[in-house]
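Just so we're clear, the structure is a prediction, and the values are computed from it rather than from any experiment. In what follows, chains carry the letters A, B, and so on, assigned in the order in which the sequence lines appear, proteins first and then strands, with residues in each chain numbered from 1.
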Amino acid sequence: MEFFKSIYSWYRVLKDYRRISVTNDLAINFIRIMSIVTITLLLAIVGFIAVNGMQVLSWDFIFSPPKNNFTEGGIGPAIFGTISVVLLMIFFAVPLGVFAAIYINEYIFDKWYSRIITVSIHTLAGVPSIVIGLFGFGFFVLFLGRNLDELLNTGLLFGKPAMLWASITLGILVLPLIIFTTIEALKSVPEDHRNAALGLGATKWEMISKVVLPQARPGILTGIILSISKAVSETAPVLFLGCAFFLPELPVTNLNFGAFVIPMINPSEQFMYLSYHIFALATQSTNPTVTLPLQYGTALVLILTIVLLNIFAILFRYKFTKTFEKVRGY
Amino acid sequence: MLPESNNELLKTSTVLNKKNFIEKSFEYFLKINGIIAGALILFIFLFMINEAVQVLNYITPENLLYIKLDNKSAGDIFSFDWSPTSNPPKYSILPLLLGSFLTAIPACLISAFLGLILGVYLSEIASAFSRNLIKPVIEVFTGIPTVVVGFITLVVAANFIQDVFGTVSRLNALLAAFGLSTIVIPIIASLTDDALRSIPEDIRMASYALGASKWQTISTVLIPTAINGISASVLIGFSRAIGETMIVLMVSGNAAVISVDLFGSVRTISATIAAELGQVSINSQHYYALFFIGFLLFVFTLLINLLAELMLDKMKRKVNI
C-alpha cells in the first residue's frame, strides 16, 4: 500500500512539474513571438517607406525646389527651412538649457527649491506639443509681436507668424530634454574631480568651466543632437507659426557691409518645414495620388535624418561612457 | 607661504576681490537661467488660463456643452455639435472630448497589451545580443515623426482596415487608434523595461531558488513588484495619445458629431485646434473657444502626468528598500 502511495505522489509531482513547465514554455514562447511580430511590424513601416521612397531619392530631389504643382522637383526649400529653424532653435534653447542645468546640479542640488524646479521642468516635458504651439501663437505672435510692432512702429514685422517665433516655440519644446541630458552628463562627472579642483584653490566657477564642463561635453552634445531630432520630427507646434505650403523664394536676406554682401537667414520670413511638407502634400494638395512618390521620398528623408541623428547620439553616449570607464580605472 | 610685504598682500587681495566679483556675477547669471527654465511652465499655465477664461465673455458655460435650437414644428432641439461656422455657431465640447477618448482609449489598450509584452521580453527573456539590437530600435521609434506615421496610416493602413472591417467611413476612430499605437507601444515598452530592470537581481534569484519557473517569476513576482512603474508607463502612453495631433488630424475623419461608434469618423480636441486655429480671426469667440479646449487638454495631460509621476515615486521607494 505504501508503495502505491509513493508511486502516486511521484506521479502527482511529475504531473505538476509537467503542467508548470508546459505553461512556462507556452507563455515564454508567446511573449517571444508577439514581441518579434511587433518589432517586425514597426520595422515594416520604415521598410515600406524606404522601398517606396528610394525610387525618387536623388541629389536632385534633395536640393531642387518643387516644380509643376508639386508633381516634380524636390524638397530643397523645405530642408533649408528646417535647418534654419533648428539652428535658430539651438541658439535660443541650448545656452538657456545648459546654464539652467548647471545651476540646478551644481549650485542648488541640496536646496529645497531644487526639487520644485526639477518637477516643473518635468511637467513642461509632458505638455502636448499642440498646446505649446497654441501658447506660441497666442503669446509670441499675438501678444509679444503685436505689442512690439506698436512700440517700435514697425508695421507688421513681429506680429505675424515667422521663423523667429517658430524656433523659440520649438526651443521651449526641447528645453526639458536639453536640461535633463545635461544634468545626467554633469552627474556622471566624478565627485573626486570637483573636490580635487576645489582643493587646488579653484573657485566654483573655475571648477565648473575648466573641470566639469569639458568632461560633460559629449553628454551635453548627445542632448543637443536628441533635441534636434525631436524638433525636426515635430509638426504641430509650427503649424500656425509660419509654416508655408510653398514659397517661391528662400527665407534669405542679404546683409550689405559696403563691399561685402552676406546672405543671412531672415527670421521674420515664413519658411517651409520638412514634416509639414509631408502633411501638406498628403492632405492639402490638389491631387494627393499624383504626388504620392514625392510624399514617400520626403518621408524617407525625414526618417533617415531622425535615424542618423539617433545613431550619432548613441555613438556619442557610448564614447562618453567609455571615457569615464577609463578615467575611473575600471 | 606668507606674503613678504604689505604691498604683495594688497595685490593678492585685489586678485581675490576680482575673482569674487566674477564668481558672484556668474552665479547670478546661472540663477536667472535656472529661474526662467523653472518658471516657464507656470507662465504658460497662467497665460493659457488667462486666455481660456475669456471664453466666458462670449459663450455661456451651458452653451459649451449644448445649444438649444428653436424649431417651429418640433419644439426645442438640443444640439451637441461643434461647428463654429454654422448659424448660430455651436461650441459643444462634448463631441471633441468623446472623440479624444474614442481614439486614445483603444490605442492605449492595444499598446498596453503589446507594449507590456515587449517590455517583459526586453527585460527578462531576450538575450543580451537581441536586447542590444532591439532597445535602440525602440528608442528611435519613440521619437519617430508622427506625421510620417499619420501618412503611412492614411495611404496604406486605411484601405486595409476598410477591407478587413468593412467600415462605412474610410477614416475612423479605430484607424486613428492603430496609428496612435505605433507611437505609444515603444513608449510603454521602454518604460516597462526600465521598471522591470530597476528590480534588484536578488528578488529574481530568490524566486528561482524557491523553484519557480521563469513564467511564474515574471507573473507572480516581477510584474506585481513593478506594477506601479507599469501603470505609470501606461498613463504616460495615454497622455501622449490624447495630446497627439498629427496622426488624429490626418486619419480620424474629423467629423464633430456625437458618436460612440468606433468605426465612425470622429474629431479630437488636438485635431480641432490644429485644423481651426489657422483661420480664426483674432480675439473672436471662436479664438477663445480654441484656447479653452487647449487649456482643457493641457490640464488633463498635466493631471495624468502628475499621477504617473507619483506612481513612479512609489515604485522607486518600493524597490529601494
Residues two or more places apart in sequence or in another chain: which of them pass ring-ring contact (aromatic ring centres under 6.0 Å, His included) with B:F291?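 ring-ring contact (aromatic ring centres under 6.0 Å, His included) list for B:F291, sorted by chain: B:Y287.
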Applying ring-ring contact (aromatic ring centres under 6.0 Å, His included), name anything that partners B:F47, two or more places apart in sequence or on another chain.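 If we apply the ring-ring contact (aromatic ring centres under 6.0 Å, His included) test to B:F47, skipping adjacent residues, the hits are A:F135, A:F139.
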Pairwise side-chain contact, [X] with [Y], heavy-atom cut-off 4.5 Å (strictly under):
X      : Y      : result
B:F178 : B:V251 : no
A:Y273 : A:H277 : no
A:P237 : A:L170 : yes
B:I117 : A:F30  : yes
A:T182 : A:I178 : yes
A:H122 : A:I117 : no
A:L274 : A:T82  : yes

Identify which part of [X] has an atom lying under 4.5 Å from any heavy atom of chain A, answering side chain, backbone, both or neither.
X      : value
B:I152 : side chain
B:L40  : side chain
B:S270 : both
B:I304 : neither
B:I218 : side chain
B:Y121 : both
B:E244 : neither
B:T245 : side chain
B:L302 : side chain

On a heavy-atom basis, the closest approach of A:T203 and B:E23 is OG1-OE1, 3.0 Å
Which pair of non-hydrogen atoms, one from A:I179 and one from A:A100, has the smallest distance, and what is that distance?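 The answer is CD1-CB, 4.1 Å.
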Is a side-chain N or O of A:N52 found less than 3.5 angstrom from the main chain of A:F48, in a donor-acceptor match? yes
When [options] are compared by non-hydrogen pairs under 4.5 Å with chain B, the top option:
options                        : value
A:G138, A:A282, A:G97          : A:G138
A:N24, A:L142, A:N310          : A:N24
A:T118, A:I121, A:L134, A:L124 : A:L134
A:L239, A:I49, A:L292, A:T235  : A:T235
A:L26, A:V37, A:I108, A:L43    : A:L43

Does A:F312 have more than 12 heavy atoms from other residues, nucleotides or ligands lying within 6.0 Å of its CZ?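 No, because the 6.0 Å sphere around CZ of A:F312 holds 12 heavy atoms or fewer from other groups.
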So for atom CZ, which belongs to A:F143, do other residues, nucleotides or ligands contribute more than 12 heavy atoms lying within a distance under 6.0 Å?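 Incorrect, the count does not exceed 12.
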Salt bridge flag under 4.0 Å for residues B:R267 and B:E276: yes
Who among [options] has the most heavy-atom pairs with chain A under 4.5 Å?
options                        : answer
B:L116, B:V140, B:L277         : B:L277
B:L114, B:I273, B:L290, B:N305 : B:I273
B:S213, B:S219, B:G243         : B:S213
B:T301, B:I185, B:L297, B:I125 : B:I125
B:G294, B:G119, B:A274, B:S239 : B:A274

Heavy-atom distance under 4.5 Å to chain B: side chain of A:F279, backbone, both or neither?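 Contact with chain B involves both backbone and side-chain atoms of A:F279.
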For A:I303, is it the side chain, the backbone, both or neither that has a heavy atom under 4.5 Å from a heavy atom of chain B?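 A:I303 touches chain B through side-chain heavy atoms alone.
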Contact listing (chain A partner; residues 153-160 of chain B; heavy atom under 4.5 Å):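 Only B:L154, B:V155, B:V156 of residues 153-160 of chain B have a heavy atom under 4.5 Å from chain A.
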Which residues in residues 26-39 of chain B have any heavy atom closer than 4.5 Å to a heavy atom of chain A? B:F26, B:E27, B:F29, B:L30, B:K31, B:N33, B:G34, B:I36, B:A37, B:G38
Going by the angle between their ring planes, with limits at 30° and 60°, are A:Y296 and B:F151 parallel, tilted or perpendicular? perpendicular
Just do the side chain to side chain contact (heavy atoms under 4.5 Å, CB included) check on A:I39 and B:I138 with the steps written out, would you? CA-CA 8 Å; A:I39 285 285; B:I138 299 243; 4.0 Å; yes
Would you compute the distance between atom [atom1] of [X] and atom [atom2] of [Y] and round it to the nearest 0.5 angstrom?
X      : Y      : atom1 : atom2 : answer
A:Y276 : A:L281 : OH    : CG    : 10.0 Å
A:T38  : B:I110 : OG1   : CD1   : 11.5 Å
B:Q216 : A:S21  : CD    : OG    : 10.0 Å

